[in-house]
Protein chains: 2
Amino acid sequence: MAGEGRKATGGASTGSAGAPAPAGSARPRRARDSLNRSVIIDAAIRVAERDGLSGLTFQALGTELGAHATSIYRHFRDKDELLLEVIDTLRDRSYGEALVSTGDWREDVLLVAAQIRQHYLRYAPFAHDMSARSTHRRTEFLTVEFTLNALEQAGLPPEEAALHLRLLGNYIRAMASFEATVACMDPELRVKDRVQMQVDSQGLDPVEFPHLSQHASALLPLEDPRVFDLGLEAILDSIAARADGGPR
Amino acid sequence: MAGEGRKATGGASTGSAGAPAPAGSARPRRARDSLNRSVIIDAAIRVAERDGLSGLTFQALGTELGAHATSIYRHFRDKDELLLEVIDTLRDRSYGEALVSTGDWREDVLLVAAQIRQHYLRYAPFAHDMSARSTHRRTEFLTVEFTLNALEQAGLPPEEAALHLRLLGNYIRAMASFEATVACMDPELRVKDRVQMQVDSQGLDPVEFPHLSQHASALLPLEDPRVFDLGLEAILDSIAARADGGPR
DNA sequence: ACCTGAACACCGTTCAAGT
DNA sequence: ACCTGAACACCGTTCAAGT
């Protein structure tokens, strides 16, 4: 995390130092009533996709809208409220329509997992921030309903279904967000990271760190896409076993 | 996340407005050579434990040290470097000594999982930030070595051990960090969240959301400690099965 | 060589003022 | 009623100046 690039400091206008703007108003006044939540959210998404979540400031958003930065406060209580709307809107666009049951509970879980994972990878720079937020909005409810249905189809009693709903939800978001975090490190830095890791582990005491010092290069580099499915299948197997042999 | 409290704005001194400090220097000059990385890290930990990670600013750290905020730059390149040191130091203090093999690979995995989880719950306000950072320092290597040993004891071939190392590492950090995130929401807000969730789900179309609208109250509230072990046991079972039946 | 002070370029947020 | 401008209280970071 921490720092996705070093700003860009505007291009031409908005000179607050330098020449103090000819005389008249700098930019034309934004048309009355042309601002609303939906317009602002769209602009915010454009900014975020271009500059990353850390580039999404009121300043940048104002520039994108051709409006004063503070005009957003008329439509959102604070930045966090705007952020939650952005997160849920992105989710909805990514997989709001895709959650249609296949009729097979296991396929259904794999489907929702794949959708969420793909979404995080697509918006890799915000994945970590997104993964920790509960929006309490439509797309979130859709996902819960869909997963709950799958778990009931599997034959899990209500209380166990609730536990596994949580397990799957956390697992999918967390693992996908980790995958995204490495995916969005710029490749140069990722290679440097890898080399550094090997150098570091080379310097370790081979008695204290036999595994690490022996085959560090073979073991450490990877963030392998198979890891995600490995754990998911393990959880699915566990669910299947419980549904069969459980108190029925 | 977002906002762990609304600052405190100093108590008495440092009045930059109000009265502009009698005349002489405000605070005594910090003794020469009394500042070093270790002293700064300790102070940073004190501040973080008191005010949360978001309260750990150079300003606050300077005050804690009785030194100028910018004096820290002589000892750390930037804030991120300081943060990584803080993270690894905390890890080391929490479970640096605890990773002693039990002789049973399964017990060993449960041990390292319990230690890391406990650590995140203890430092719940930074858990989410910590979970995404690789420090490449001693405690991290210790954890990897310990886990790798357990997986080899289980009988996993090297490549599969590497994959499962990643799976376990991500699973443990991610699940613990989610647990911590809810744990550190202040209780009042958590209850409000819960009620809000029920109200929201009440308003849903019962045809489109049968499970949710029916027994939302029973299903949604919990962040149950059992969830963590549920997934962990599933992964352990999967490892055991692979180690037995795999290419041996 | 080590610490300080002032300054810079940002943040989010508030509120009185313009239209 | 909606948008703007100026101001406030912060950030991290740089750099010339003090000791």
Side-chain angles (χ1 to χ4, degrees), chain A residues 1-10 13-18 20-21 23-37 39-40 43-44 47 51-63 65-83, chain B residues 1-11 14-18 20-21 23-37 39-40 43-44 47 51-63 65-83:
Chain A
M1 294 298 91
E4 296 160 279
R6 282 294 161 211
K7 301 288 128 60
T9 330
S13 52
T14 58
S16 86
S25 57
R27 52 183 70 260
R29 198 182 176 89
R30 171 101 202 183
R32 203 179 178 80
D33 285 313
S34 63
L35 233 48
N36 56 56
R37 287 173 79 96
V39 167
I40 294 172
V47 172
D51 305 328
L53 249 211
S54 74
L56 178 53
T57 68
F58 279 78
Q59 195 70 17
L61 188 48
T63 308
L65 286 163
H68 194 96
T70 61
S71 62
I72 293 139
Y73 280 94
R74 183 118 330 228
H75 303 91
F76 293 92
R77 196 158 41 75
D78 55 21
K79 196 183 177 182
D80 204 56
E81 191 185 308
L82 171 60
L83 219 68
Chain B
M1 289 303 92
E4 294 161 280
R6 284 293 162 211
K7 300 287 128 60
T9 331
T14 58
S16 85
S25 56
R27 52 184 70 259
R29 197 183 176 90
R30 171 102 200 183
R32 202 180 179 79
D33 285 313
S34 64
L35 233 46
N36 56 56
R37 287 175 77 96
V39 167
I40 294 173
V47 173
D51 305 329
L53 250 211
S54 74
L56 179 53
T57 68
F58 279 78
Q59 195 69 17
L61 188 48
T63 307
L65 287 162
H68 195 97
T70 61
S71 61
I72 293 140
Y73 280 93
R74 184 122 325 235
H75 303 92
F76 294 91
R77 194 158 42 74
D78 55 20
K79 196 182 177 182
D80 203 57
E81 190 184 309
L82 171 61
L83 219 67

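Just so we're on the same page: letters track the sequence lines, and every chain starts at 1.
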Student: Could you check whether Ala60(A) gets within reach of a base, just the sugar-phosphate, or nothing at all, counting any heavy atom under 4.0 Å?
Tutor: nothing

Student: Without decimals, in angstroms, what is the distance between Tyr73(A) OH and dC15(C) C1'?
Tutor: 12 Å

Student: Quick one: Arg30(A) CZ to dG5(D) C1', roughly how many Å, whole number?
Tutor: 18 Å

Student: Roughly how far, to the nearest 0.5 Å, is the CZ atom of Arg74(A) from the CG atom of Leu35(A)?
Tutor: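 Rounded to the nearest 0.5 Å, the CG-CZ separation comes out at 11.0 Å.
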
Student: For Phe76(A) and dT14(C), give me the distance from atom CZ to atom C1', rounded to whole Å.
Tutor: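 These atoms are roughly 19 Å apart.
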
Student: Nearest 0.5 Å, what's the CG-CZ distance between Asp78(A) and Phe58(A)?
Tutor: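 The CZ atom of Phe58(A) is 7.0 Å from CG of Asp78(A), to the nearest 0.5 Å.
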
Student: Looking at dG5(D), does its base get a donor-acceptor pair with the side chain of Thr70(A) below 3.5 Å?
Tutor: yes

Student: Send over the distance from Gln59(B) CD to dC10(D) P, rounded to a whole Å.
Tutor: 9 Å

Student: Name the pairing partner of dG18(D), where a pair is Watson-Crick or G-U wobble with both distances under 3.5 Å, or state none.
Tutor: dC2(C)

Student: Just call it for Ala69(B): base, sugar-phosphate, or nothing, with non-hydrogen atoms closer than 4.0 Å on any strand.
Tutor: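 No contact.
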
Student: So Leu53(B) and Leu83(B), do their side chains get closer than 4.5 Å, heavy atoms only?
Tutor: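 Touching, per the 4.5 Å side-chain cut-off.
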
Student: Return the pairing partner of dT13(C) with a 3.5 Å limit on both distances, Watson-Crick or G-U wobble; otherwise return none.
Tutor: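 Base-paired to dA7(D).
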
Student: Mind listing the N/O atom pairs, protein and nucleotides 16-18 of chain C, below 3.5 Å?
Tutor:
unit_1	atom_1	unit_2	atom_2	d
dG18(C)	N2	Arg29(A)	NH2	2.7

Student: Which whole-number value in Å describes the distance from Phe58(B) CZ to dC3(C) P?
Tutor: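 Spelled out: CZ on Phe58(B) to P on dC3(C) is 15 Å.
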
Student: What is the distance, rounded to the nearest whole Å, between atom NE2 of His68(A) and atom P of dG12(C)?
Tutor: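 It works out to 13 Å between those atoms.
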
Student: Rounded to whole angstroms, how far apart are CG on Leu61(A) and P on dT13(C)?
Tutor: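 Value for this atom pair: 13 Å.
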
Student: Nearest whole Å is fine: how far is dG12(C) C1' from Arg77(A) CZ?
Tutor: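 So the two atoms are 14 Å apart, to the nearest Å.
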
